[in-house]
Asks: 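One structure coming up, written as structure tokens, with questions to follow.
Please read these numbers as outputs of a predicted model, since none were measured by experiment. Each ligand, and each atom within it, is numbered from 1 in the order the structure gives.
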Amino acid sequence: MKHRIVVLGAGYAGAVSAGFLARQLHADDFEITVVNAEPDFVERLRLHQLAAGYDLRHRPLAEMFAGTGIQLRVARVLEVDAGRRNVTIAGDGGIDQLEYDTLLYALGSTIADHGVPGVEEFGFHVASRPAALRLRARLDELGEGAEVLVVGGNLTAIEAATEIAESHPGLQVSLVTRGELGGWLGPKARRHLLRAFDRFGIAIYENTTVTRVEQHTVSTGDGSVFTSDATVWTAGFAAHPIAAAAGLAVAADGRITVDRQLRSVSHPDIYVAGDSAFVIGDNGRELPMSCASAGFTSTQATASIIGDLTGREIAAAALPYVGNHISLGRRDGILQLVDGEARSRRGAVCGRPAARVKSAIVGLSGWAVGRPNFGKLRHHYRAVRETSTELVAR
Ligand SMILES: Cc1cc2nc3c(=O)[nH]c(=O)nc-3n(C[C@H](O)[C@H](O)[C@H](O)COP(=O)(O)OP(=O)(O)OC[C@H]3O[C@@H](n4cnc5c(N)ncnc54)[C@H](O)[C@@H]3O)c2cc1C
């Protein structure tokens, strides 16, 4: 009987891992099944662009996995029973159960609503393709002068606000955040960010906590009420509740707590990669949810699975946190590197060169997913890091 490996999620982490496992493990001994809610690999890094009106390249998973021996199940994961080692899924054929011997959990993340009432009912977001398409439809139906309120002050909020403002110049875009907009950035990057917001005409409300979202208003902790025709919730991400419901040890944001080899600390036959993993990186701090982290954690999780199942030595993949590449619309951007303490460096690359690097990274990340190979991936991330360091040093 073959050893059954089930991979949950075919995003940046799951798709790469599945492909690599299929290459490295012999099909006579191992059976690999991937479960993903959508039939396509969705480039999540571009979802704010999709919402703003640009189209994503169609990347069917069935084509990506053709010839690899991977079995694809297009279905939604409903539940993981970590004790019985099975997964309940719902697809076109109805509810089904999949048994596994080894599980790789890579379901990514969704929005964190922080318990604010009305977010789910009245808010829009860009954390998944269906959600981004819903926002896109809403933006398209809004007339000149309609108000869009973006909630959040971090990467996705910045990218969403600028992308919407650039693509829909007739809309009035505002951003409200409980802290400072891009407050973690170094001085050069932050100055550039604020100038870009000014150029786009995006109003900024800092140190303002949203307490309720309704259909046409947003209330805040200081008693103010903003009117809004579309409220875009980009106030952070959390892992799907499936992991916690399965009884896995999780962090406060629902991410699965793992060891350095990306094994669940409570259920070592479950490996985790991408946004779903709560792992301490090489700098001694938790690795942030990001595409780069998805690459590093999937590399490590894959190596660990292969090592544990074959007795081969487990290669140690790097788990670094290098910095952020932020787009400000299509022609502007910021490249902010961080130091060993995860603090932003003073310098940064801003403007068109940063936009070009960001665009190359997004393109390469999508390209790499279809071609899983440790060497190439390592090379890709090293090349990105070296280019970034070089640009910042200039
Ligand atoms: C708009 C936006 C812009 C971003 N920009 C950047 C950026 O510039 N740089 C950066 O580093 N990071 C960025 N991120 C974060 C980055 O996209 C994530 O960190 C990355 O996608 C994590 O990879 P993953 O494989 O863990 O999750 P994902 O890529 O989200 O993949 C998860 C997969 O699981 C599937 N799935 C989820 N739930 C279920 C279920 N119940 N059943 C079946 N399948 C399911 C999904 O369909 C998806 O295919 C951005 C995120 C967003 C939303």
Asks: Provide, to 0.1 Å, the distance between atom 31 (O) of ligand 1 and the closest protein heavy atom, together with that atom's residue and name.
Replies: Gly11 CA, 3.1 Å
Asks: Specify the protein heavy atom at minimum distance from atom 39 (C) of ligand 1: its residue, its atom name, and the distance to 0.1 Å.
Replies: Leu107 CD2, 3.6 Å
Asks: With no hydrogens and no angle check, do the side chains of Glu166 and Thr162 hold a donor and an acceptor under 3.5 Å apart?
Replies: no
Asks: Verify the neighbour count for atom CZ of Arg4: are there more than 12 heavy atoms of other residues, nucleotides or ligands below 6.0 Å?
Replies: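 Yes, CZ of Arg4 has more than 12 neighbouring heavy atoms, counting only those of other groups under 6.0 Å.
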Asks: Between Arg46 and ligand 1, find which residue part has any heavy-atom pair under 4.0 Å and reply side chain, backbone, both or neither.
Replies: neither
Asks: Using only heavy-atom distances, determine whether the side chains of Glu147 and Ser228 contain a donor-acceptor pair under 3.5 Å.
Replies: no
Asks: Given that the side chain starts at C-beta and the backbone is N, CA, C, O, which of these parts of Ala75 lies under 4.0 Å from ligand 1, counting heavy atoms, or is it both or neither?
Replies: backbone
Asks: On a heavy-atom basis, I'd like to know which of Pro39, Ala13, Ala131 is closest to atom 24 (P) of ligand 1.
Replies: Ala13
Asks: If the condition is side-chain contact (heavy atoms from CB on, under 4.5 Å), which residues does Gln24 pass it with, not counting sequence neighbours?
Replies: Phe20, Ile306, Arg312
Asks: Among all protein non-hydrogen atoms, which one is nearest to atom 52 (C) of ligand 1, and what is the separation to 0.1 Å?
Replies: Arg44 O, 3.6 Å
Asks: So which protein heavy atom does atom 21 (O) of ligand 1 come closest to, and at what separation?
Replies: Tyr12 CD1, 3.2 Å
Asks: Report the nearest protein non-hydrogen atom to atom 19 (O) of ligand 1: residue, atom name, distance rounded to 0.1 Å.
Replies: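 Scanning the protein heavy atoms, the shortest distance from atom 19 (O) of ligand 1 goes to Asp275 OD1, 2.7 Å.
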Asks: Determine, considering heavy atoms only, which of Ile326, Val126, Thr297, Leu47 sits nearest to atom 53 (C) of ligand 1.
Replies: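 Looking at heavy atoms only, the winner is Val126.
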Asks: Go through the side-chain N and O atoms of Ser17 and Thr302 and say whether any donor and acceptor fall under 3.5 Å apart.
Replies: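 Ser17 vs Thr302: donor-acceptor pair found between side chains.
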Asks: Any idea which of Leu8, Asn36, Leu45, Val77 brings a heavy atom closest to atom 40 (C) of ligand 1?
Replies: Val77
Asks: Which protein non-hydrogen atom lies closest to atom 11 (O) of ligand 1, naming both residue and atom, and how far is it?
Replies: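 Here the closest protein heavy atom is Cys291 N, 2.7 Å.
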Asks: What about Ala273: any of its N or O atoms under 3.5 Å from an N or O on ligand 1?
Replies: no
